[in-house]
A.B. asks: 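What follows is a structure written as structure tokens; I'll ask about it next.
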Amino acid sequence: VQLQASGGGLVQAGGYLRLSCAASGRIFSINVMGWYRQAPGKQRELVAAITSNGSTNYEDSVKGRFTISRDNAKNTVYLQMNSLKPEDTAVYYCNAHITTTHIMGVSSGNYWGQGTLVTVSS
């Protein structure tokens, strides 16, 4: 299984970006998908998460500005980030809990995409 993230970049404060993360491989089902971020010198933190039935939760500082969504047919999760602030600058990682198929049956695990850098200038 691979998670391929894209959409990061440099944007001015008040601007917007949309991150995407597509899962591929021998996927049976995907439960929770989410986005984490890690700023320099800080621990990785959960930004937003979405379940397979669309339930969402957000870190307090992004509520009202960020929107997480997913396309189950495409095994893809998105993060629409509006009204960006310099403090949103970080490497953003997608994460998914995925059940995969293999010759012995199915198994579940937690998978990470490669990070994508978001830089917000003041």
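Atoms considered below: every heavy atom in the structure, side chains included; atoms not considered: hydrogens, waters and symmetry mates. In this text, all values refer to a predicted model and were calculated from it rather than measured experimentally.
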A.B. asks: Should Ser108 and His97 count as side-chain neighbours, where that means a heavy-atom distance under 4.5 Å?
C.D. replies: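 In contact.
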A.B. asks: Are the side chain of Gln114 and the backbone of Ala5 linked by a donor-acceptor contact shorter than 3.5 Å?
C.D. replies: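 Confirmed, Gln114 side chain pairs with Ala5 backbone.
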A.B. asks: Search all heavy atoms of Glu59 against all heavy atoms of Leu46 and return the closest pair with its distance.
C.D. replies: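 Looks like CB-O, 3.3 Å.
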A.B. asks: Can you tell me how far OH of Tyr93 sits from CG of Leu19, rounded to the nearest 0.5 angstrom?
C.D. replies: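 The distance works out to 13.0 Å.
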A.B. asks: Side-chain contact, heavy-atom cut-off 4.5 Å: Asp71 with Tyr78?
C.D. replies: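 Touching, per the 4.5 Å side-chain cut-off.
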A.B. asks: Distance from Ile27 atom CD1 to Thr99 atom OG1, nearest 0.5 Å?
C.D. replies: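 Between Ile27 CD1 and Thr99 OG1, I get 10.0 Å after rounding to 0.5 Å.
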A.B. asks: Spell out, yes or no, whether Ile98 and Ile68 are grouped together once hydrophobic residues are joined by side-chain heavy atoms under 4.5 Å, including indirect joins.
C.D. replies: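 The answer is yes; both residues are in one hydrophobic cluster.
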A.B. asks: Are Val91 and Met33 co-members of a hydrophobic cluster defined by side-chain heavy atoms under 4.5 Å apart?
C.D. replies: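 No: no chain of side-chain contacts under 4.5 Å links Met33 to Val91.
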A.B. asks: State, with a plain yes or no, whether a side-chain heavy atom of Tyr111 is found less than 4.5 Å away from one of Thr100.
C.D. replies: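 Yes, their side chains come closer than 4.5 Å.
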A.B. asks: Which heavy-atom pair separates Pro86 from Ala13 by the least distance, and what is that distance?
C.D. replies: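 Residues Pro86 and Ala13, closest heavy atoms: CD-CB, 4.1 Å.
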A.B. asks: So if you build clusters from Ile, Leu, Val, Met, Phe, Trp, Tyr with side-chain heavy-atom gaps below 4.5 Å, do Tyr92 and Tyr36 land together?
C.D. replies: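 No.
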A.B. asks: When you group the ILVMFWY residues by side-chain heavy-atom contacts below 4.5 Å and let the links chain together, are Val47 and Val77 in the same group?
C.D. replies: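 Same cluster.
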A.B. asks: To check you understand the geometry: which heavy-atom pair defines the closest contact between Tyr58 and Phe66, and what is its length?
C.D. replies: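 So the minimum-distance heavy-atom pair works out to CE2-O, 3.3 Å.
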A.B. asks: Out of curiosity, Asn82 CG to Arg18 CZ, how far, rounded to the nearest 0.5 Å?
C.D. replies: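 These two atoms lie 11.0 Å from each other.
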A.B. asks: Is the closest basic N to carboxylate O distance between Asp60 and Lys63 below 4.0 Å?
C.D. replies: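 Yes, charged N to carboxylate O under 4.0 Å.
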A.B. asks: Within the side chain of Arg37, is there an N or O that forms a donor-acceptor pair under 3.5 Å with the backbone of Thr89?
C.D. replies: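 Flag not set: sc Arg37 to bb Thr89 has no pair under 3.5 Å.
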A.B. asks: Can you tell if the side chain of Tyr16 reaches within under 4.5 Å of the side chain of Val11, non-hydrogen atoms only?
C.D. replies: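 In short, these two side chains do not touch, never coming nearer than 4.5 Å.
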A.B. asks: Compare all side-chain heavy atoms of Ser107 with those of His102 and state whether any distance is below 4.5 angstrom.
C.D. replies: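 A side-chain contact under 4.5 Å exists here.
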A.B. asks: Measure the spacing between CD of Gln12 and OG of Ser122 and express it to the nearest 0.5 Å.
C.D. replies: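 Result: 9.5 Å between the selected atoms.
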A.B. asks: Which heavy atom in Ala23 sits nearest to a heavy atom in Leu3, and how many Å separate them?
C.D. replies: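 Of all heavy-atom pairs spanning Ala23 and Leu3, the closest is CB-CD2, 3.2 Å.
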A.B. asks: Rounded to the nearest 0.5 Å, how far apart are OG of Ser52 and CG of Asn72?
C.D. replies: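 That separation rounds to 7.0 Å.
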A.B. asks: Is there a side-chain contact between Asp88 and Met81 (heavy atoms, below 4.5 Å)?
C.D. replies: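 A side-chain contact is absent here, since even the closest heavy-atom pair is not under 4.5 Å.
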A.B. asks: How many angstroms lie between CD1 in Ile50 and CD1 in Ile30, if you round to the nearest 0.5 Å?
C.D. replies: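 Interatomic distance, Ile50 CD1 to Ile30 CD1, rounded to 0.5 Å: 11.5 Å.
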